[in-house]
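The next block holds one structure in the form of structure tokens; read it before the comments.
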Amino acid sequence: MISWATIALSYLTAPWFAYQIAIIAVLFALAKALSLKIEPRLEARAREIRGHPSLLRVVIALLRRVEWILFSLFLFIMLTIMRSVTWPSRSHFISVALSLSLAWLFVSVFSRVIRNRLLAKTVSWLAWIYVALVILGFDDEAGTFLDELALPIGELRFSVLLVLKAALLLIATVWIAVALGRYFEEQVQKSDELTPSIRVLVGKVAKFGLILIAATVALSSVGIDLSAFAVFSGAVGLGLGFGLQKVISNFISGIIILLDKSIKPGDTISLEGTFGWIRELRARFVSVVTRDGREYLIPNEDFITHRVINWSFSDDLVRLDVKFGVSYDADPHEVSRLAIAAAMTVGRVEVTRRPVCWLTGFGDSSLDFVLRFWIRDPQQGLTNIRGKVLLALWDSFKENNINIPYPHREIIVKKDPAGGQEAGIVAATSLKSPDRD
């Protein structure tokens, strides 16, 4: 009986095999040299595509394999010529090289739909190795070898082949589930009949549900009995429950937040000195963007256990107060009228809810007032609108000769009656307006 080694040795030492190897090497070098000149020009033209990012991604991935496209084309032309002038057996290795080249081109291009580069490379290599084994006719032998490398655990038998099948199928099904979940979530966000919190909740539940179903289908399809993991998963779940209390607490808190609709994307909130608007609700945290461009990732649990100010929970209208004081020489009725008129000149102040100005007390050196006005856009900032209102008050009071008091200090120097020397200095502080010396 002739062994495989003898057949392989006779095949490799045949003259026509060396000719085919030389032809393949020359064609690949030619394809590589041409691609160095063609690829930059084609890629520059492809990047002019506007408005189609997905199409551009595929086109760029295809253009970065110009050498493989040219190599496959050259192999096909050479294979056609050789089969027309000589025996098909003398071009068999070129045919195999053409099949492997086309398989690698197809797998490497379509694996670009996976955004994670490491995962994309892993999937492309595993897929190409499987296709190569099928093309070379070694798939059955490779499958038998991998199936023999097994580790029995109780009633389960884990082989390398089973693990590879489960991993590849799990990656494929989960990727499809994530893509479908993202599409469903985008469609739900477009619905005007649902509140923002319900949209987020429905989208998250749908995505997690699809991922769970995909994982269950993938593991069951390769023959893994999920009931065998019942005791093991219970022990692991108990350990994770103690070790990941905060993670689970934040996850449950996120569900509660979405259900009670206490906050939603776009709301303006204040939490422990952080003022900003909610950008996104996640399973573990809430993204809050402040006025200075910082993005705080606040755990969901904080929104349950701490006091939260939601400036736009039930209404967009927000009332702000500005306190000020004027000289006793001013007419309080005139001050109130001027303050209201000055506030209404500021653009963001709501004119449909007329500002009010009240005299709140007789201070040590001033008449104390509070000016109250309403705005509808607290996410645009509170300090800036207060500053604009104060500037409007300053301009109005200066124009109408209304003085704002400021502190004065009086220093009294006492002398010793006997020696005429300075015995001490007594400082007295008084708050006076500039016109009341």
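By the side-chain hydrogen bond (donor to acceptor under 3.5 Å, both in side chains) test, T290 pairs with D292, sequence neighbours left out. Residues passing the side-chain contact (heavy atoms from CB on, under 4.5 Å) test with D321, sequence neighbours excluded: R319, V370, R372. Under the rule for a side-chain contact (heavy atoms from CB on, under 4.5 Å), the partners of E295 that lie at least two apart in sequence or sit in another chain are R279, S287, V289, L297. Annotation: side-chain hydrogen bond (donor to acceptor under 3.5 Å, both in side chains) contacts of H306 (sequence neighbours excluded): E272. In terms of the side-chain contact (heavy atoms from CB on, under 4.5 Å) criterion, residue partners of L98 (sequence neighbours excluded) are, by chain and number, S72, L75, F76, L79, L102. Residues meeting the side-chain contact (heavy atoms from CB on, under 4.5 Å) test with L36, sequence neighbours left out: none. F324 is linked by a ring pair (Phe, Tyr, Trp, His ring centres under 6.0 Å) to F369, F397, counting only residues two or more places apart in sequence or in another chain. Here S99 pairs with nothing under the side-chain hydrogen bond (donor to acceptor under 3.5 Å, both in side chains) rule; sequence neighbours left out. With sequence neighbours left out, the side-chain hydrogen bond (donor to acceptor under 3.5 Å, both in side chains) criterion links E334 to R337.
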Below 3.5 Å, can you tabulate the donor-acceptor pairs from side chains in residues 343-361 to any protein atom, sequence neighbours excluded?
residue : atom : partner : partner atom : Å
T345    : OG1  : A342    : O            : 2.5
R348    : NE   : D377    : OD1          : 3.2
R348    : NE   : D377    : OD2          : 3.2
R348    : NH1  : G381    : O            : 3.3
R348    : NH1  : N384    : OD1          : 3.1
R348    : NH2  : D377    : O            : 2.9
R348    : NH2  : D377    : OD1          : 3.3
R348    : NH2  : G381    : O            : 2.8
E350    : OE1  : R376    : NE           : 3.4
E350    : OE2  : T352    : OG1          : 2.6
T360    : OG1  : D368    : O            : 3.1

List, one per line, each side-chain donor-acceptor pair under 3.5 Å for residues 24-34, sequence neighbours excluded.
none

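For the atom pair CD1 of I309 and OG of S270, the computed distance is 5.0 Å after rounding to the nearest 0.5 Å. Remark: R386 CZ to F373 CZ distance equals 6.5 Å, nearest 0.5 Å. Atom CD1 of residue I375 and atom CG of residue L317 lie 9.5 Å apart, to the nearest 0.5 angstrom. A distance of 10.0 Å separates CG in L393 from CD1 in I402, rounded to the nearest 0.5 Å.
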- Verdict with reasoning, T268 to N310, per side-chain contact (heavy atoms from CB on, under 4.5 Å): CA-CA 6 Å; T268 304; N310 191 338; 5.8 Å; no
- For side-chain contact (heavy atoms from CB on, under 4.5 Å), just list the numbers for I94 and I23, CA-CA rounded to whole Å, side-chain angles, deciding distance to a tenth of an Å, and then say yes or no. CA-CA 8 Å; I94 293 179; I23 292 172; 4.2 Å; yes
- W68/S101 under side-chain contact (heavy atoms from CB on, under 4.5 Å): CA gap, chis, key distance, verdict: CA-CA 7 Å; W68 290 100; S101 176; 3.6 Å; yes
- Query: Which is it for F303 and I263 under the side-chain contact (heavy atoms from CB on, under 4.5 Å) test, yes or no, and what are the steps along the way?
  - Reply: CA-CA 9 Å; F303 287 89; I263 59 174; 3.7 Å; yes
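The salt bridge (charged side-chain N to carboxylate O under 4.0 Å, His left out) pairs that include a residue from residues 301-310 are K246-E301, where partners are two or more places apart or lie in different chains.
Scanning both residues, S327 and L367, for their nearest heavy atoms gives O-CD1, 3.9 Å. Residue V288 comes nearest to I298 through the heavy atom pair CG2-CD1, 3.9 Å, listed as atom of the first residue, atom of the second, then distance. The minimum heavy-atom distance between S396 and L338, with the atom names listed, is OG-CB, 3.7 Å. Between G325 and I404 the shortest heavy-atom distance is O-CG2, 3.6 Å. Here the shortest heavy-atom pairing between K264 and L281 reads CA-CD1, 4.3 Å.
V326 places none of its side-chain heavy atoms less than 4.5 Å from the side chain of N403.
Using a 4.0 Å cut-off between charged nitrogen and carboxylate oxygen, D395 and K398 do not count as a salt-bridge pair.
With hydrogens and angles ignored, the 3.5 Å screen pairs no side-chain donor or acceptor of Y296 with any backbone N or O of F275. Under a 3.5 Å cut-off, the side chain of D331 and the backbone N or O of H333 do form a donor-acceptor pair.
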